[in-house]
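Notes to accompany the following structure.
Small disclaimer: the values here were computed from a predicted structure and weren't measured.
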Amino acid sequence: MSWKIQSKNIDFEKLLIEESLFFNGNGYIGIRGNLEEGLPEHVETIRGTYINGYHDIVNIPYGEKLFGFPETQQKLVNIMDTQGIEIWVGSDQEKEKVSLYTGEVLSYNRILHMDKGLTERILHWRSRQGHELIINFTRLVSFHIQELFYQFVTLTPISNPIPVQIVSTMNGDVKNYANRNDPRVASDDKKHIKINQLLQCEDYSFIELETCRSGLRSAALSTMKLSNPYAKYHYEMKKSAIVSTVDFQLSAETFLDKRTFIAESTRYEDLRKELVAIKKESASLNYHEIAIQQKSYMNSFWNDTDVIIQGDEQIQEAIRFNLYHLLQSAGQDGKTSIAAKGLSGEGYEGHYFWDTEIYLLPMFTLTNPALARKLLLYRYTILNSARERAKEMGHKKGALYPWRTITGKECSSYFPAGTAQYHISADIAYSYVYYFLATNDMEFLKEAGAEVLLETARLWIEVGHFKEDEFRIDTVTGPDEYTAIVNNNYYTNVMAKYNLQWAYNIILKLQIEEPIFWKRLKEKLLFTEGELESFKQAAERMYLPYDENRQINPQDDTFLQKEIWDFEGTPAEHYPLLLHYHPLTIYRYQVCKQADTVLAHFLVEDEASEAVIKNSYDYYEKITTHDSSLSSCVFSMMGARVGYVEKAYNYFIETARLDLDNIQGNTKDGLHMANLGGTWLAIVAGFAGLRLKKNGICFRPQLPKAWKGYKFPLRYQGRSLFVHHNQDHFTIELLTGEPVTISIWNKNYTVTKDKPICLPSASNEVLTYD
């Protein structure tokens, strides 16, 4: 059962949430889990179809606009609605629409098949006139045919015969969802798309749209075929829609095959021509063959990615749900990434954040490095925009990546918690280093990684300065969005140090191993030996705030001087704080929206002692609200790191089912992608304690009391590993590749194909602190 998410719900509010939970996607196309037949007019729904990176441009309004503020932003566009399938039963005089809110619902079930890569809705229904039938709606977005959204409907009569009419629609009169009271959702409810063409041909319907300002075109080509050879078809062209109708007598099991092929103009010039060709190429495939292709893709994915939890079915269900939806939203073309809500909804307007690099890429890097490479390549494609942004912000050199973007341009209008988050450039550099440590992929380092590392390192030389023989970075914002515009944010400084160190190390490596390439890159970037020395000096003398009395790393220079927020006096309904208090009010207090220093200790743990890591965890845990979905998974990982295994487990529970249980109350706007990746990290980097370091791969395994064990596969430098931790042993097997030495609780062991590492669980001691 842990391969399925099931729901019998017909409550309107929960159905809105299920539109996100049951969405179908393949990294290119995302279709929200709307009901084919629709909902009553008074019911709120977010009916959405999205293409990764497909956007319009909108103005950013300012009361007072200053230099360097972005004038426009990109916005994910909701494109044509092709989901519509209405089923009517009975003669013309007594015709009734089949739905959850008409006639009599005898039984209903909705299923997300995570092993098969598809969703089902099974409805047993009876009309007022006594017509009874079972309808199975199956849908998928194909991983094999990237442009295909496939709907397959099975109608089974219980009473015979039944006059049936099926109405399929392609609707171009669409707009985006807006909510003026929630800063996490767009407030602009204007239309961003216009119809270029509606066309009904002999065997397909076609619609082409164009965005109002970006000039991007999208198109859908749809076919509909019924298994009943005596069915009568009718097509109607309306102002903004094409309606396809088929009438027949339902006297035996009958199948409706609806295929919609979707594409956009950054990929194809002549959209109609290309979609017709794709339609023809796939015409010979029947439902079973398409389903088998999808299942085969999912088998490969799960073989490389599945995390098995022994002893907790609810958590097993949740971790698979999270991994499945990460896959559905991950751009696989090197031109797109993973938006904060993926392809499941319109929250944060389809923008890519630093979430991808820190929370999502580790899972793909260690399970599907080819896909991780594509996601990293996206950041390389927008490097020039990051260079331009750095210059716009007054820097002569370097790359300043945007806080939120689609095409590379900064889309955040609120600079204290947006542009000021300079750490994003270091986060992206970190993800390139992580990938290199995991894969040793020198070709990708030459193709993209080295240039990104150098340009991001250059930024820190521009932003920081030396004072009293220390390198300091002023006027930035760290990950914590409740603390803004500070000097020497610990997270920013330590990540900048890591960025500078690795840029220096990679340059030395290239000078020795790839001198011809290095010469070309050096000339391209006009890079000097003086810059190389500046990287070294800034890294070695980076100022990292430390409080002697508390023995912690302060979040920044003034954080500990502030009054602590009155948590006891804050009503529960006033969380999240950002929806109830002015930012300046929040900025004046010690209160964290999310992990900041604690996240830094996870990413760069060697920069702090064990005692400081633990003390910092204890201190910041008391003042963190976890109003961000990026937070609980970090406190879970680091709870395990400092020996609080059960506390880590409690944080993990919040993380694992955040969307399934709608814990933050906004799952309707899309799934929380960073949190989905955070559940994988909480197990692999948390309970198993995995870290990638310059000298190899490390583990510090621990097992929550609630579990009998956990298992997961890994890819590491051309090897396939399998990790299994139960109440008796911690085991690492080498499935393919050469033997490798692995550190476990600071002791080295070598694993070979013939000899796994197998240690008694009792040896996995939790460190104690003085």
Indicate whether the side chain of Tyr233 and that of Lys225 have a donor and an acceptor atom separated by less than 3.5 Å.
no
Asn26 and Gln328 side chains, donor-acceptor separation under 3.5 Å:
no
Between Thr336 and Asp333, is any side-chain donor less than 3.5 angstrom from a side-chain acceptor?
yes
Ring-plane angle category for Tyr348 and Phe353, please: parallel below 30°, perpendicular beyond 60°, tilted otherwise.
perpendicular
Check against side-chain contact (heavy atoms from CB on, under 4.5 Å), Thr119 and Leu140:
CA-CA 7 Å; Thr119 56; Leu140 62 86; over 6 Å; no
Lys4 with Asp115: basic N within carboxylate O range, under 4.0 Å
no
Polar contact flag, side-chain donor to acceptor under 3.5 angstrom, Arg719-Thr736
no
Going by distance alone, is a donor N or O of one side chain under 3.5 Å from an acceptor N or O of the other, for Glu357 and Tyr401?
no
Would you tell me whether Asn322 and Thr679 have side-chain atoms, one donor and one acceptor, within less than 3.5 Å of each other?
yes
Can you list the steps and then say if Tyr378 with Tyr352 is a ring-ring contact (aromatic ring centres under 6.0 Å, His included)?
CA-CA 11 Å; Tyr378 159 75; Tyr352 309 133; 5.0 Å; yes
Do the side-chain N and O atoms of Gln83 and Arg32 include a donor-acceptor pair separated by under 3.5 angstrom?
no
Just by distance, no angles: are the side chains of His724 and Gln310 close enough, under 3.5 Å, to form a donor-acceptor pair?
yes
Has Arg121 got its NZ or CZ under 6.0 Å from the middle of the six-membered ring of Phe137, at an angle within 45 degrees of the ring axis?
yes
Hey, is Arg320 close enough to Asp306 for a salt bridge, meaning N to O under 4.0 Å?
yes
For a quick check under 3.5 Å, do Thr254 and Asn228 share a side-chain donor-acceptor pair by atom type?
no
For a quick check under 3.5 Å, do Tyr54 and Arg217 share a side-chain donor-acceptor pair by atom type?
no
For the residue pair Gln293 and Tyr297, confirm or rule out a side-chain donor-acceptor distance under 3.5 Å.
no
Do Arg373's NZ or CZ and the ring of Tyr435 fall within the cation-pi criteria of under 6.0 Å and 45°?
no
If the plane angle is over 60° it's perpendicular, under 30° parallel, otherwise tilted; pick one for Trp354 and Tyr359.
perpendicular
With no hydrogens and no angle check, do the side chains of Glu19 and Asn34 hold a donor and an acceptor under 3.5 Å apart?
yes
Polar contact flag, side-chain donor to acceptor under 3.5 angstrom, Asn136-Thr154
no
Is the side chain of Gln316 donor-acceptor paired with the backbone N or O of Val307 at a distance under 3.5 Å, no angle test?
yes
Does a side chain donor of either Tyr150 or Asp257 reach within less than 3.5 Å of an acceptor in the other side chain?
yes
Whether the side chain of Thr169 engages the backbone of Asn171 through a donor-acceptor N/O pair (distance < 3.5 Å, no angle test) should be reported.
no
Between Glu120 and Arg139, does any side-chain N to carboxylate O distance fall below 4.0 Å?
no
Hey, can you tell me if Tyr432 and Phe444 have their rings parallel, tilted or perpendicular (30° and 60° cut-offs)?
parallel
Below 4.0 angstrom, N of the basic side chain to O of the carboxylate: do Glu317 and Arg657 qualify?
yes
What do the steps show when you test Arg47 against Asp81 for salt bridge (charged side-chain N to carboxylate O under 4.0 Å, His left out), and what is the final call?
CA-CA 8 Å; Arg47 204 165 176 93; Asp81 177 13; 2.6 Å; yes
Residues Ser99 and Glu37: side-chain donor-acceptor under 3.5 angstrom
no
Do the side-chain N and O atoms of Gln294 and His144 include a donor-acceptor pair separated by under 3.5 angstrom?
no
Can the ring centres of Tyr287 and Phe255 be said to be less than 6.0 Å apart?
no
Regarding His672 and Asn666, is there a side-chain donor-to-acceptor distance under 3.5 Å anywhere?
yes
Scan side-chain atoms only and decide if Ser168 and Ser244 contain a donor-acceptor pair under the 3.5 Å cut-off.
no
Yes or no on ring-ring contact (aromatic ring centres under 6.0 Å, His included) for Phe23 and His325, after CA distance, side-chain angles and deciding distance?
CA-CA 8 Å; Phe23 100 94; His325 280 310; 5.0 Å; yes
